[in-house]
There are 2 protein chains.
Amino acid sequence: MSVSVINYHRVMGRWEPNARGRLTQAALELYVERGFEQTTVAEIAKLAGLTQRTFFRYFSDKREVLFWGSAQLQELLVRTVLNAEESAAPIIAVASAIEAGAELLQERRQGALLRHRVISANRELQERELIKLALLGEAITDALRQRGVPEIAARLSAETGITVFKIAFERWIVESKPREMKAIVDELLNELKVVTGEI
Amino acid sequence: MSVSVINYHRVMGRWEPNARGRLTQAALELYVERGFEQTTVAEIAKLAGLTQRTFFRYFSDKREVLFWGSAQLQELLVRTVLNAEESAAPIIAVASAIEAGAELLQERRQGALLRHRVISANRELQERELIKLALLGEAITDALRQRGVPEIAARLSAETGITVFKIAFERWIVESKPREMKAIVDELLNELKVVTGEI
DNA sequence: ACCATGATGTCAGCGACTGACATCGCTCCG
DNA sequence: CGGAGCGATGTCAGTCGCTGACATCATGGT
């Protein structure tokens, strides 16, 4: 039984700072310890020194607390696509974005691991993860369109990129002695070229 | 205001046949008329001449009633992959499966259209759709492995195929004068080859 | 000191979902 | 033919996610 990093509920007044951060950390702790389903929102809020009602003011639902970072990831990928060399083919722009995302996750391996463990133990959370990835795909499609890429190519490049990102992440998490995630991405891209070459 | 095709609740005894079918039809009707969120499970059950409790005996949750057919689709795609020519490259086996799936949907355009309209109006339903597609991808990956395809190629081929299937379906639904869905699939596969050729 | 404002708390309520137990109709066995 | 067994359905009570309405508390400016 791990000792809680936070223990605010005894000492905190109503206006302690960083309510969102406390809620996030409390939720992650409880989800890891007991699992997502076995944790109630009231418990999370109590551990963070707040009430259930306040939890729902910060997060639209019980799952969303685990996905707050995805906006940042999306912002990074979109920016990287937009900043790619003008001459770069769509799939190349997307590849560079994926690699940038891989680096971001690499810096937070510990958190990413915990988060992934929680998510992969629960179906509802997997659903949420998938829709976040789908939204990421739409955002990248938009970015490619802004680069003048035609609709179909944009959509296919973006969605294919998301697929590679997802598979790379899973393999990276699972590897006992982890390579750089970028290496995995490159391996997958090469294999993708081979596979689709058969069409 | 459309007239309900079903109106069992006045006349039906406890053991009328096809409870699952009645629930499915009642749910689709109400979801179309009022939207998913504005429909309660109790209302669905009542329209089908049953109780809420019975609804949850047939469907694990309120969303699942719209996804009962996905098992059949999955069965078809997996079978098609397994039956593909032994010499066919993985992506080719997957392509033939997608085209078989396209034909299946084609036969049910009306229902598919209704269903898609309901799903695209609601985020929770989109989440469920995405996880069903992900499971479909896993099933196809398995089928490819059984054909002796190495892990990475199997996964990439399957997931890429799912992407193509998803995009093809969306375009097919949206087109005012619909082509054969197979034609759309072929167009996307060609474009995919071009796009990934740049890697 | 006072007041506007934003963050938080309190309370009541709906609806999804579940477990436990009762009831109904059918089938089959004696 | 009657009752036992059984599967499908109903009933009831309860938990939890989530929301709207309103009260309350600190803080900054006047």
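Note: hydrogens, waters and symmetry copies are ignored here, and every other heavy atom, side chains too, is used. Protein chains get the first letters and strands the later ones, always in sequence-line order, with residue 1 at the start of each. What you see is a predicted model, and the numbers here were worked out from it, not measured in a lab.
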Legend entry - Taking every non-hydrogen atom, the tightest pair across B/Ala97 and B/Val81: CB-CG2, 3.6 Å
What is the distance, to the nearest angstrom, from the [atom1] atom on [X] to the [atom2] atom on [N]?
X	N	atom1	atom2	value
A/Asn18	C/dA7	CG	C1'	14 Å
B/Ile44	C/dC17	CD1	C1'	13 Å
A/Arg53	D/dC22	CZ	C1'	11 Å
B/Gln38	C/dA16	CD	P	11 Å
B/Leu23	D/dT9	CG	C1'	12 Å

Inset, instruction - Answer with base, sugar-phosphate or nothing: what part of the nucleic acid does B/Tyr58 contact at a heavy-atom distance below 4.0 Å? - result: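 B/Tyr58: backbone/sugar contact only, no base atoms under 4.0 Å.
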Legend entry - Residues B/Glu43, B/Arg34: salt bridge by 4.0 Å N-O rule: yes
Inset, instruction - Could you walk me through whether B/Glu170 and B/Phe165 pass the side-chain contact (heavy atoms from CB on, under 4.5 Å) test, one step at a time? - result: CA-CA 9 Å; B/Glu170 285 170 21; B/Phe165 189 63; over 6 Å; no
Inset, instruction - Compare the minimum distances between each of C/dC11, D/dT11, C/dT8 and the side chain of B/Arg57, then state the nucleotide with the smallest one. - result: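 Nearest nucleotide to the side chain: D/dT11.
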Inset, instruction - May I ask you to check if A/Arg115 and A/Tyr31 form a cation-pi contact, with NZ or CZ under 6.0 angstrom from the six-membered ring centre and within 45° of the axis? - result: no
Inset, instruction - Using the ring of A/Trp68 (Phe, Tyr or Trp, six-membered ring only), decide whether A/Arg20 places NZ or CZ under 6.0 Å from its centre and within 45 degrees of its axis. - result: yes
Inset, instruction - Could you list by number each residue of residues 116-132 of chain A showing a heavy-atom separation from DNA chain D of less than 4.0 Å, or answer none if no residue does? - result: none
Restricting both atoms to N or O, compile the protein contacts to nucleotides 13-17 of chain D shorter than 3.5 Å, with distance only.
| unit_1 | atom_1 | unit_2 | atom_2 | d |
| --- | --- | --- | --- | --- |
| D/dG17 | OP1 | A/Thr39 | O | 3.4 |
| D/dG17 | OP1 | A/Lys62 | NZ | 3.2 |
| D/dG17 | OP2 | A/Val41 | N | 3.3 |

Inset, instruction - Would you please name every residue forming a salt bridge (Lys or Arg N to Asp or Glu O under 4.0 Å) with B/Glu151, sequence neighbours left out? - result: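 Result, salt bridge (Lys or Arg N to Asp or Glu O under 4.0 Å) vs B/Glu151: B/Arg145.
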Inset, instruction - Please confirm whether A/Phe59 and A/Phe55 have ring centers closer than 6.0 angstrom. - result: yes
Legend entry - D/dG10 OP1/OP2 closer than 4.0 Å to side-chain N/O of B/Thr54: yes
Inset, instruction - Side-chain contact test, heavy atoms from C-beta onward, threshold under 4.5 Å: evaluate it for B/Leu47 versus B/Gln25 and give yes or no. - result: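 Contact flag for B/Leu47/B/Gln25 side chains = no.
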